[in-house]
Protein chains: 2
Amino acid sequence: MTEQSTITVSVVEDNDALREGWGVLLKGSPGFTCIGAYSSAEEALEKIPSNIPDVILMDINLPGISGVDCVKKLKKNLPAISIIMITVHEDSEQVFEALKAGANGYLVKRTPPAKILEAIDDVLKGGSPMSSQIARLVVQSFQNPPAINDETAALTTREQEILALLAKGFRYKEIGESLFISTETVRGHLRHIYEKLSVRSRTEAVLKYLGK
Amino acid sequence: MTEQSTITVSVVEDNDALREGWGVLLKGSPGFTCIGAYSSAEEALEKIPSNIPDVILMDINLPGISGVDCVKKLKKNLPAISIIMITVHEDSEQVFEALKAGANGYLVKRTPPAKILEAIDDVLKGGSPMSSQIARLVVQSFQNPPAINDETAALTTREQEILALLAKGFRYKEIGESLFISTETVRGHLRHIYEKLSVRSRTEAVLKYLGK
DNA sequence: AAGAAAACAGCACGTTCGTGTTATTGTATT
DNA sequence: AATACAATAACACGAACGTGCTGTTTTCTT
């Protein structure tokens with residue numbers, strides 16, 4: 001069980017002052033302790049498997065193996081471990097790379113100590129703590145890519161509604177039942193949808209809808 | 001300029017008690033005020049354009065036009081406005097819909113008043129405040145697609161090949177022609193694929209294949 | 001008030017798909 | 001040698017889908 005009265009944390013950070021600072025913070029905070037402090041990804045990958053913490057605070061900018069790659073490797077062998085990335089950069093590229101690699105949270109370095117402890121608690125409760133500036137980058141990535149479809153934008157509200165259900169795998173009959181309209185009407189709408197999207201089957205329509 | 005000493009907020013919420021509660025909270029908090037309180041999306045869409053706030057707090061579950069659609073319509077005409085969704089549900093579907101629609105933040109209803117005020121400040125500073133449970137859903141959506149399916153991994157090489165073509169919208173006949181096998185053989189493979197993936201239609205199979 | 005667009009609904013016909021059943025051949029695994 | 005699985009193929013039947021055609025009602029725009 002990882003559930004204990006004291007939360008164990010390890011730190012991976014090449015800056016000596018920061019690494020030691022966090023160690024002191026964690027050891028000085030009731031309910032937390034630091035069981036490992038590593039100055040490189042290589043060192044962390046070697047020593048963490050035999051000294052597994054509840055949470056890892058990981059700098060994203062490490063010399064040699066990057067923090068992102070370190071996360072990938074750690075998560076591969078220890079998928080249950082929680083990792084919070086800490087960075088000076090609010091570069092969207094790096095954020096997404098880290099999240100895809102399996103990081104559970106993402107904080108900027110100037111996050112105050114109290115917020116860091118809160119984030120550690122949070123991540124163990126299943127949350128994904130992140131600075132709101134980071135969250136913004138993530139949110140933007142939702143608004144840009146999915147807005148690809150100029151074609152689906154030409155659809156009426158009702159047509160989009162029906163396409164959304166179609167994209168969940170529902171049959172015409174089921175779509176009709178969901179929307180309280182007849183199967184024939186669903187067919188009618190789908191006819192228009194297919195025309196507007198220039199497709200010939202439901203699979204093609206769904207692929208366009210999903211931006212694939 | 002939207003930058004003023006007092007932040008103006010409007011509320012869209014059908015629950016009378018909650019709507020009035022937020023109004024009282026905002027008016028009673030230094031630096032904030034409530035300039036509009038609407039009980040439906042229809043009312044909000046009609047009145048907000050002539051009484052534009054800095055930030056809108058919007059319930060996602062509204063009768064009639066949904067909060068998500070309301071966001072779409074508002075953002076279309078007032079792209080600069082900041083909108084924070086407030087919901088009881090932590091349903092990933094709705095979260096993504098709202099974020100795609102252009103919502104800037106996402107809080108659960110049980111968020112304490114102080115956090116709501118903090119979120120309003122935050123969103124005006126360019127952040128995207130969201131409960132960490134919500135953030136988790138968002139983060140997972142980054143991790144799922146790349147980490148494909150365990151289920152599709154159980155398919156044989158030939159089956160994966162056929163599924164890939166299926167996911168491009170090809171008909172059985174076309175798949176057969178691509179692979180130089182009969183349509184009947186394609187059907188045979190698809191039969192096994194559907195069994196292994198526990199699906200009942202090509203659309204469902206494609207959705208699983210795409211990790212959706 | 002007139003016209004256009006959207007939503008609704010029905011019928012018909014042919015195609016595509018999902019599934020039950022059966023069978024041959026080749027390749028591993030044991 | 002025996003068993004298991006993958007790949008190939010065929011037949012049949014009903015369900016689901018795509019499309020051509022027609023029609024009414026409501027809603028929005030002009």
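Since this is a predicted model, take the numbers as computed values, not measurements. Within every chain, numbering begins at 1; the chains are lettered A, B, ... in the order of the sequence lines, protein sequences first and strands thereafter.
Within 4.0 Å of A:His192, counting heavy atoms only, lies no atom of the nucleic acid at all. Residue-level contact check: A:Ser201 touches the backbone only, with heavy atoms under 4.0 Å from sugar-phosphate atoms and none from bases. Contacts of A:Arg191 with the nucleic acid, taken as non-hydrogen atoms under 4.0 Å apart, include base atoms.
Taking atom CG of A:Leu155 as the reference point, atom C1' of C:dA6 lies 13 Å away to the nearest angstrom. C:dA5 atom P lies 16 Å from atom NE2 of A:His189, rounded to whole Å. For the pair A:Glu195 CD and C:dA6 C1', the computed distance is 14 Å after rounding to whole Å. Rounded to an integer number of Å, the gap from CD1 of B:Ile193 to C1' of C:dC17 is 14 Å. When the P atom of D:dC17 is taken as reference, atom OH of B:Tyr172 falls 12 Å away, rounded to whole Å. Atom pair A:Gln160:CD and C:dA6:P shows a separation of 12 Å (rounding to whole Å applied). The distance between atom NZ of A:Lys196 and atom P of D:dT19, rounded to the nearest whole Å, is 16 Å. Taking atom CD on A:Glu161 and atom P on C:dA6, their separation rounds to 15 Å, with Å as the unit.
Counting heavy atoms from C-beta on, the side chains of A:Ser82 and A:Asp54 never come closer than 4.5 Å. Considering only heavy atoms from C-beta on, B:Arg19 comes within 4.5 Å of B:Asp16 through its side chain. Annotation: side chain of B:Asn61 is in contact with side chain of B:Thr87 (closest heavy-atom distance under 4.5 Å).
Remark on DNA chain D: of its neighbouring residues A:Leu166 and B:Arg158, the 5'-side contact belongs to B:Arg158, judged by nearest-heavy-atom nucleotide. Mapping B:Glu159 and A:Arg200 onto DNA chain D by nearest heavy atom places B:Glu159 closer to the 5' end of the strand.
Using a cutoff of 4.0 Å between basic side-chain nitrogens and carboxylate oxygens, B:Lys125 and B:Asp122 are not scored as salt-bridged. Salt bridge status for A:Glu174 with B:Arg200: absent, with no side-chain N to carboxylate O gap under 4.0 Å. At a threshold of 4.0 Å, the pair B:Lys109-B:Glu13 counts as salt-bridged, since one of the basic side-chain nitrogens sits closer than that to a carboxylate oxygen.
Between D:dA10 and B:Ser182, a contact under 4.0 Å exists linking OP1 or OP2 to a side-chain N or O. Residue A:Thr157 places no side-chain N or O under 4.0 Å from the OP1 or OP2 atom of C:dA6. Neither OP1 nor OP2 of C:dA5 sits under 4.0 Å from any side-chain N or O of A:Thr156. Dashed line: the shortest gap from a side-chain N or O of B:Tyr194 to OP1 or OP2 of C:dG18 is under 4.0 Å. Contact between the side-chain N/O atoms of A:Arg202 and the OP1/OP2 oxygens of D:dC17 is found at a separation under 4.0 Å. At C:dA9, one or more side-chain N or O atoms of A:Thr185 fall inside 4.0 Å of OP1 or OP2 (strictly under the cut-off). Using a 4.0 Å cut-off, no side-chain N or O of B:Arg171 falls inside it from OP1 or OP2 of D:dC17.
Of all nucleotides listed (C:dC8, D:dT8, D:dA12), D:dA12 comes nearest to the side chain of B:Arg187.
At a cut-off of 3.5 angstrom, counting only N and O atoms as typed in the model, there is no donor on one side facing an acceptor on the other between the side-chain of A:Glu184 and the base of C:dC8.
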